Amino acid sequence: MFNQFRQSQYNSYTAARNHFIQNYSQLINLEKYVLDEVFSAVNQNLAEIIANYNEASYLYPFWQNYPPEERGRQPIGDQYPWLEVAEHAIGDKLPRLLECNFEISDVGLPTGSDVRLVISNYRISQITNDVTNSCWLFLEIKSVGPRDDQDHAVMSHNQISGSGRWEVFSDGVSNDVITATGKRANHPFHCSLPPIYILSDGLIVPVVIIILKPVYRMLSLEGNDDGGQPLSRINFASVPNGLLLHEQPNYLMNFPNLFFPGKDETKKDPRKRRCRVSFEILRRIDSWRFREIDC
């Protein structure tokens, strides 16, 4: 089962990778198109999203004795972790919101972002000059409050695509190591997603990565004794495909601070360490790569 498609996958992958390196503007246009669609889907259904998101605060009596656990290091403790609120109020809605413009397939994959959808339509065929009508949307939900609302997002190794070299048939796809470059320190970042997948039916699916970052208010900080953490705005960021990073137009060389060190302990397995993605650098690469909606 694992090897019967390998030769055709290798041939198709090699041809697709070469095509998108030579025609990298197609990847850029694809990323812009998908971000436009995600942004539009959220914006058009914003009232529903806000209502569902804010319901978590109204439901406080039902979970106040069993509060969610903090996931970060050394939390202050005056805000409730709100990540799963966004995952359900926004992330779980997206397949339904996008299906009016795309055919959607929930293809299995062992690891990756919160939302993983193979999306297909005629517009993708036009953008890629009929190389494919599909892409794999990896959408990561990063809900934050006013204390950690920074101009970046922390990303894991399985949320960024890489150079995707497949040079030895038996070895499979591997990525070049990225250097996360900070002002005082650097560390290697081992992204684990390929830039392209080839499905068993031969479908070519380039990877498109979008960060969706809901930002909530803390009413307790605003003098409201009732508390609550209502939605304030939603940020959208498009992280370039690994071929755009490593090959053409080689964003890693032209924007070396795009990825900078994360917040992991130095003793953590280097292959699992996270990095931060700079929104300011994304805006410099392309102004459309960062957008926001006020709520």
Side-chain angles (χ1 to χ4, degrees), residues 8-36 38 107 109 111-113 116-120 123-140 155-169 171-181 188-199 202-211 237-259 275 277-278 281-282 284-286 288-290:
S8 61
Q9 283 177 316
Y10 175 81
N11 294 339
S12 295
Y13 179 83
T14 301
R17 185 177 185 273
N18 289 338
H19 170 84
F20 285 117
I21 289 175
Q22 295 169 12
N23 300 275
Y24 64 87
S25 62
Q26 293 180 7
L27 283 178
I28 296 173
N29 293 335
L30 176 60
E31 290 175 337
K32 184 178 185 301
Y33 168 66
V34 174
L35 182 62
D36 285 343
V38 171
V107 177
L109 196 67
T111 185
S113 300
R116 289 169 256 169
L117 305 170
V118 174
I119 58 176
S120 308
R123 181 69 183 116
I124 297 177
S125 296
Q126 294 177 327
I127 291 171
T128 64
N129 198 23
D130 292 325
V131 169
T132 183
N133 70 340
S134 305
C135 68
W136 207 327
L137 171 60
F138 285 73
L139 193 145
E140 184 64 23
M155 301 291 279
S156 298
H157 62 96
N158 57 8
Q159 297 167 352
I160 301 291
S161 67
S163 56
R165 301 187 187 279
W166 193 355
E167 297 171 349
V168 179
F169 175 77
D171 288 352
V173 179
S174 61
N175 295 317
D176 296 336
V177 178
I178 292 174
T179 300
T181 304
F189 177 67
H190 297 256
C191 51
S192 61
L193 294 182
I196 304 166
Y197 288 88
I198 308 295
L199 303 188
L203 187 64
I204 298 168
V205 279
V207 170
V208 175
I209 296 173
I210 293 176
I211 302 167
S238 173
V239 181
N241 180 281
L243 295 182
L244 301 175
L245 295 172
H246 291 267
E247 300 291 342
Q248 294 291 342
N250 200 339
Y251 290 138
L252 288 178
M253 179 181 69
N254 297 319
F255 302 92
N257 299 112
L258 174 60
F259 300 100
C275 73
V277 179
S278 169
I281 298 295
L282 286 178
R284 287 171 53 191
I285 292 174
D286 291 299
W288 57 262
R289 287 191 180 273
F290 181 85

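What you see is a predicted model; the values in this text were computed from it and never measured.
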Checking the side chain of [X] only, and the main-chain atoms of [Y] only, is there a donor and an acceptor separated by less than 3.5 Å?
X	Y	result
Asp130	Gln126	no
Asn158	Cys191	no
Arg17	Ser163	yes
Asp286	Trp288	no
Ser156	Gln159	no

Beyond-backbone contact of [X] with [Y], side-chain heavy atoms, under 4.5 angstrom:
X	Y	result
Leu243	Tyr24	no
Phe259	Thr179	no
Ile210	Val239	no
Cys135	Val208	yes
Gln26	His19	yes
Thr128	Ile204	no

At what distance, to the nearest 0.5 angstrom, does [atom1] of [X] lie from [atom2] of [Y]?
X	Y	atom1	atom2	answer
Leu109	Arg116	CG	CZ	6.0 Å
Ile178	His246	CD1	NE2	4.0 Å
Leu258	Ile160	CG	CD1	8.0 Å
Ile28	Asn23	CD1	CG	11.5 Å
Glu31	Ile127	CD	CD1	10.5 Å
Thr181	Phe255	OG1	CZ	14.5 Å

Minimum heavy-atom distance [X]-[Y], with the two atoms named:
X	Y	result
Ser161	Ile209	N-CD1, 3.4 Å
Ser113	Leu139	CB-O, 3.6 Å
Ser134	Pro206	O-CD, 3.3 Å
Ile124	Ile119	CD1-O, 3.7 Å
Leu282	Ser238	CD2-O, 3.5 Å
Asn257	Ser278	O-CB, 4.0 Å

Decide, yes or no, whether a salt bridge links Arg165 with Glu247 under the criterion of side-chain N to carboxylate O below 4.0 Å.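 Glu247 and Arg165: salt-bridged.
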Apply side chain to side chain contact (heavy atoms under 4.5 Å, CB included) to Gln9 and Leu199, showing your working. CA-CA 8 Å; Gln9 283 177 316; Leu199 303 188; over 6 Å; no
Mind checking what makes side-chain hydrogen bond (donor to acceptor under 3.5 Å, both in side chains) contact with Asn29, not counting sequence neighbours?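 side-chain hydrogen bond (donor to acceptor under 3.5 Å, both in side chains) list for Asn29, sorted by chain: empty.
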Before you tell me yes or no, could you show the steps for Leu137 and Val38 under side chain to side chain contact (heavy atoms under 4.5 Å, CB included), namely the whole-Å CA-CA distance, both residues' side-chain angles and the distance that decides it to 0.1 Å? CA-CA 10 Å; Leu137 171 60; Val38 171; 4.2 Å; yes
Candidates Val107, Ile198, Asn133 - the one meeting side-chain contact (heavy atoms from CB on, under 4.5 Å) with Leu203: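 The option that passes is Asn133.
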I need the single residue from Asn241, Val131, Leu244 that forms a side-chain contact (heavy atoms from CB on, under 4.5 Å) with Phe20. Which is it?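 When Asn241, Val131, Leu244 are each tested with Phe20, the side-chain contact (heavy atoms from CB on, under 4.5 Å) holds only for Val131.
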Any idea how Trp166 and Phe169 line up, ring-wise: parallel (<30°), tilted (30 to 60°), or perpendicular (>60°)?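 Because their plane-to-plane angle is under 30°, the rings of Trp166 and Phe169 count as parallel.
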Applying ring pair (Phe, Tyr, Trp, His ring centres under 6.0 Å), name anything that partners Tyr251, two or more places apart in sequence or on another chain.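 For Tyr251 there are no ring pair (Phe, Tyr, Trp, His ring centres under 6.0 Å) partners, ignoring immediate neighbours.
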